[in-house]
Asks: 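For reference, the structure I am asking about is given below.
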Amino acid sequence: QVQLEESGGGSVQAGGSLSLSCAASPYAYSTDCMGWFRQAPGKGRDWVAAVNSAGITSYADSVKGRFTISKDNAKNTLYLQMGSLKPEDTAMYYCAARIRRGWCLSTTAPADYVYWGQGTQVTVSS
């Protein structure tokens with residue numbers, strides 16, 4: 001059974017920090033690629049960051065230097081540490097796993113990910 005469950009969202013003031021977690025079933029966690037996406041109201045789902053099976057990471061330019069993606073293999077959990085948050089970071093954040101094709105760190109289209117969590121809301125106020 002494939003399961004991805006996000007947690008850790010909430011409300012924070014601009015400049016603050018939040019840490020998101022994505023608890024994955026063993027099958028979902030064992031994939032070669034896991035990532036985070038976000039979707040603001042009325043907008044499309046945007047890629048935020050990804051990590052491959054070797055632990056190498058990549059980030060969208062909009063979050064580079066502020067967000068950190070990481071994995072805990074002992075807990076089958078994916079994390080997204082978010083700092084220096086801005087109002088434009090407000091969105092529903094989704095965890096995703098397994099890509100259909102291509103290279104993990106350059107795959108940014110939501111359609112290329114197979115498994116998804118339900119999302120966790122992050123709201124940043126100015």
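Hydrogens, waters and symmetry mates are skipped; everything else that's a heavy atom, side chains included, is used.
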Asks: For Ile69, run the side chain to side chain contact (heavy atoms under 4.5 Å, CB included) check against Val63, Leu20, Leu80 and tell me which one passes.
Replies: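 Of Val63, Leu20, Leu80, side chain to side chain contact (heavy atoms under 4.5 Å, CB included) with Ile69 is met by Leu80 alone.
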Asks: So how far is it from Lys75 NZ to Ser21 OG, rounded to the nearest 0.5 Å?
Replies: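 Spacing of NZ (Lys75) from OG (Ser21) equals 8.5 Å.
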Asks: Which atom names give the shortest non-hydrogen contact between Leu18 and Gly8, and what distance separates them?
Replies: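 So the two residues come closest at CD2-O, 3.9 Å.
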Asks: If you measure from CD on Gln81 to CZ on Arg66, what distance do you get to the nearest 0.5 Å?
Replies: 12.5 Å
Asks: Would you mind reporting whether Met82 and Val48 have side-chain heavy atoms less than 4.5 Å apart?
Replies: no
Asks: Can any side-chain N or O of Glu6 pair as donor or acceptor with the backbone N or O of Thr120 at less than 3.5 Å?
Replies: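 It does not hold such a pair.
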Asks: Could you report the tightest heavy-atom contact between Ala23 and Thr77, atom names first, then the distance?
Replies: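 Looking at all heavy atoms of both residues, the closest pair is CA-OG1, 4.2 Å.
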Asks: Rounded to the nearest 0.5 Å, how far apart are NZ of Lys71 and OG1 of Thr57?
Replies: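 The OG1 atom of Thr57 is 11.5 Å from NZ of Lys71, to the nearest 0.5 Å.
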Asks: Looking at Asp89 and Lys86, does any basic side-chain N land under 4.0 Å from a carboxylate oxygen?
Replies: no
Asks: For the side chain of Tyr29 and the backbone of Asn73, is there at least one donor-acceptor N/O pair under 3.5 Å apart?
Replies: yes
Asks: Please report the shortest heavy-atom distance between Ser84 and Ser17, naming the atom on each side.
Replies: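 Taking every non-hydrogen atom into account, N-OG, 4.5 Å.
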Asks: What's in the same ILVMFWY side-chain cluster as Trp116, cut-off under 4.5 Å, chained through other members?
Replies: Phe37, Trp47, Met92, Tyr94, Ile99, Tyr113
Asks: Report the distance from atom CE of Met34 to atom OG of Ser53, rounding to the nearest 0.5 Å.
Replies: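 It is 12.0 Å, given to the nearest 0.5 Å.
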Asks: What closest approach, in Å, do Ala14 and Pro87 show between heavy atoms, and which atom pair accounts for it?
Replies: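 So the two residues come closest at CB-CD, 4.1 Å.
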Asks: Can you tell me how far CG of Leu105 sits from SG of Cys33, rounded to the nearest 0.5 angstrom?
Replies: 6.5 Å
Asks: Is the ring pair Phe67/Tyr93 parallel, tilted or perpendicular, if the boundaries are 30 and 60 degrees?
Replies: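 Tilted: the ring planes of Phe67 and Tyr93 meet at 30° to 60°.
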Asks: Within the 4.5 Å heavy-atom criterion, are Glu88 and Val124 side-chain neighbours or not?
Replies: no
Asks: Are the side chains of Asn52 and Trp103 in touch, meaning some heavy atoms are under 4.5 Å apart?
Replies: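 They are not in contact (no side-chain heavy atoms under 4.5 Å apart), so the answer is no.
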Asks: Would you please test Gln13 and Ser125 for side-chain hydrogen bond (donor to acceptor under 3.5 Å, both in side chains) and show each step?
Replies: CA-CA 5 Å; Gln13 288 192 327; Ser125 58; 4.9 Å; no
Asks: Taking Thr123 for the side chain and Ser11 for the main chain, is one N or O donor matched with an acceptor at less than 3.5 Å?
Replies: no
Asks: Tracing side-chain links under 4.5 Å among I, L, V, M, F, W and Y, which residues wind up in one group with Tyr79?
Replies: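 ILVMFWY cluster around Tyr79 holds nothing else.
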Asks: With a sphere of 6.0 Å drawn around CD of Gln39, does it hold more than 12 non-hydrogen atoms of other residues, nucleotides or ligands?
Replies: yes
Asks: Is Tyr59 reachable from Val51 through a run of I, L, V, M, F, W or Y residues, each pair having side-chain heavy atoms under 4.5 Å apart?
Replies: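 Shared cluster, yes.
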Asks: Does Arg100 reach the main-chain N or O of Ala111 with its side chain, forming a donor-acceptor pair under 3.5 Å?
Replies: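 Such a contact is found between Arg100 side chain and Ala111 backbone.
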Asks: Are any side-chain N or O atoms of Arg98 and backbone N or O atoms of Val114, one a donor and one an acceptor, separated by less than 3.5 Å?
Replies: no
